[in-house]
Protein chains: 2
Amino acid sequence: MQTDSAPRPTLADVAAKAGVSASTASLAFSGSGPVSDATKERVLAAADALGYGGPDPRARSLRRGRSGIVGVVLEERVRAAFLDPVKIQMLDGITEGIAPLGAGLLLLTDTGEVDGNAVSIESAPVDAVVLIGCSPRLGHSVEALRRRGIPTVAIEGAAGEDIPEISIDNREATRRGAEYLKELGHTEVALVTLPFDAARTRGPLTPALVAASTADTASERLLGARDVFPEATGRAAAASSIEEGLEAGRALLADPANRPTAIIAQSDLLAAGVIQAAEELGVAVPAELSVLGFDGIRVDGLQHDLTTLVQPSVAKGRAAGEAVVQLLAGEPPRSRCFTSSLHVGDTTAPPRGRR
Amino acid sequence: MQTDSAPRPTLADVAAKAGVSASTASLAFSGSGPVSDATKERVLAAADALGYGGPDPRARSLRRGRSGIVGVVLEERVRAAFLDPVKIQMLDGITEGIAPLGAGLLLLTDTGEVDGNAVSIESAPVDAVVLIGCSPRLGHSVEALRRRGIPTVAIEGAAGEDIPEISIDNREATRRGAEYLKELGHTEVALVTLPFDAARTRGPLTPALVAASTADTASERLLGARDVFPEATGRAAAASSIEEGLEAGRALLADPANRPTAIIAQSDLLAAGVIQAAEELGVAVPAELSVLGFDGIRVDGLQHDLTTLVQPSVAKGRAAGEAVVQLLAGEPPRSRCFTSSLHVGDTTAPPRGRR
DNA sequence: ATTCTAGGCCGAATCGATTCGAGTGGGGTG
DNA sequence: CACCCCACTCGAATCGATTCGGCCTAGAAT
């Protein structure tokens, strides 16, 4: 779409054409400095005549030391993040929070592999970064950002003392949900957790796996569940998705002689998958199996009104955005912790034969 | 999180510490040039000792002339775009398409207001841009990008001869859907369209509104519908959302004596809203009212299997991403047009008394 | 032993704009 | 009438890295 032969005009060209110095032309564009209206107009006219498209943002950001871009680090590929309604809500909140900055949002993923020229955490022209998600890889990201001196805010996941963290009462909330199940009379409770490690190991919830956990969210929610059901075990999913929930649900419900009466899933998507598995196996929800979720999103296609722990996702995002603004303003970092609430839907009931 | 007192080390500092020249240090980092292993190691060691975080991406991109960032222009605020499943699918496709570039995705909105320092289309450090959505403001965006010489690809919306466009058979597909309704026996058909202009005027589908259209998608789909039902009129929505569909549906169904037997909505979300309106008013779908959508997404909470025109959203995004790669490689722009298919669900039936 | 070759390394220019201190002209004032 | 001040403009340095041509030296070839 461009004529490669003719290089784009630069500010210097415009200045020459307008008969002023480059510095004056710059002033005319940025608008701030003391420039007479006549001069400014002349510069703008020259720019127009030359087809000048405005100051090059690359040069500008080099000089100014700011790019006007805030990075958002997702732990998975973009596709996966977009499939998770919680992530989208947080993104939305972040957008609101950083609005006063007028900054753009750059989507980044921390896959660990540093591909030479690819734009990554190690090399993205960002002024600040928000780490999203219960990231098992968090340590790595934080180190890279610290070296680069980039202000950072983390959503879910203790990143370090000097990094403000936006979180929720994962343990306490889960405990509340678990207590509700206990009050209903459940004793045979199984868990479906979020991934515990960077490898996203899928499988039984072994002590070894839990001990090696690098994911705070999963760990905290697990603790909350075990506060009420100390012996509870279950399965770890490889991601927060219906698919993974389905898989875990199948495994947990495989043996008709030995089924839990309730399953605590660490996300609504996982819960939806568990319910699907139950339907497959002819296990009635909630009559034969109670299912508890976490997040409070609407799950597409789910016929039930899921009993779940509702977290304020948008508010979390907004808080993260606001924290970014504060950091950039030189104010000290401030962490925040939000509270979740139990929403009782129709996927939980007293266990069979106990009504 | 950073000690403001001590400025970050630069490549020159590292070079000095390693006892080599800046140029050599640069080579050591970028890896490409001829540098002995010993030297490279020394440089890397020095960098480590100094806590150097790697080459500054701002300086690098100024010199290289590329930032490694691809912009995605959404016509609405980010929140709104994320609520539209079609947009998300296209974003996902774009991510796939530009994967070989290793580039980041910068979210931009073209609101028209140019806020001084804000990162916008006029001033974003992007190597290329994808315009998403049936944007009434497209002309403005394109002009800004052309001036800046930034390779551009448009999804839905004729942007100009030299800009590759990724589109679907809007008119033809809608015609097919309309013909299906006609075959069922419908004659009283009303329309609910996407916005026609930048102002997103909501209201009756007047000739004046249509004539002043700046939105190709809405216009094309309208033409397709009128190919079959030349007299069809209806209402224009202010956005593609359930809420807007609801509003339009209420208006179209308000008068019991004068109701259409079928409504052609230009998006699934609008269709879902129309169905909600019908339910509100006690109009049975499809017995008393047939509803046709467009997009082929799953609408959250909708109990029906919507009859709709399924478009390949992800493929469109991927094609756009691939076009970006081609443009950046200097290859000539290539437009592509995908085909939609009619999915017959349970929201369409012969009109009452015609079975 | 001498010349050729090539791998390694360096110096200097460059990318394009911003910024700060210095200069200059015109208008107002004592 | 001379002086001062203000408003505007200019020069030059700077942001930090990349890149290209040239230079040097050690080893190979003759």
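The chains referred to below are lettered A, B, ... by the order of the sequence lines, with proteins before strands, and numbering in each begins at 1.
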TODO: Have a look at A:Pro34 and say if it touches a base, only the backbone sugar-phosphate, or nothing, with a 4.0 Å heavy-atom cut-off.
DONE: base
TODO: Could you check B:Ile94 against B:Leu105 for side-chain contact (heavy atoms from CB on, under 4.5 Å), going step by step and ending with a plain yes or no?
DONE: CA-CA 9 Å; B:Ile94 293 173; B:Leu105 228 47; 4.2 Å; yes
Open item on the list: Can you tell whether the side chains of B:Glu165 and B:Arg336 come within less than 4.0 Å, N to carboxylate O?
Closed with: no
- [ ] Using heavy atoms to find the nearest nucleotide of DNA chain C for B:Leu62 and B:Ser21 separately, return the residue whose nucleotide is more 5′.
- [x] B:Ser21
- [ ] Looking at every strand, decide which applies to A:Ser61 at a 4.0 Å heavy-atom threshold: base, sugar-phosphate, or nothing.
- [x] nothing
Open item on the list: For a 4.5 angstrom cut-off between non-hydrogen side-chain atoms, does B:Tyr52 reach B:Asp13?
Closed with: no
TODO: Side-chain contact test, heavy atoms from C-beta onward, threshold under 4.5 Å: evaluate it for B:Leu327 versus B:Val153 and give yes or no.
DONE: yes
Task: Worked verdict on A:Glu156 versus A:Lys316 for salt bridge (charged side-chain N to carboxylate O under 4.0 Å, His left out) - done: CA-CA 9 Å; A:Glu156 295 294 329; A:Lys316 274 166 70 181; 3.2 Å; yes
- [ ] Quick one: list whatever passes side chain to side chain donor-acceptor pair (under 3.5 Å) with B:Ser26, sequence neighbours left out.
- [x] none
If you restrict it to nitrogen or oxygen atoms, what contacts under 3.5 Å exist between nucleotides 19-28 of chain D and the protein, and what is each distance?
none

Task: Test item: A:Ser61 side-chain N/O and A:Pro57 main-chain N/O as donor-acceptor pair under 3.5 Å - done: yes
Task: Donor-acceptor contact below 3.5 Å, side chain A:Ser67 vs main chain A:Gly65 - done: no
Open item on the list: Using a 4.0 Å cut-off to any heavy atom of chain A, which nucleotides of DNA chain C are the first and last in contact, reading 5' to 3'?
Closed with: C:dG16 to C:dT19
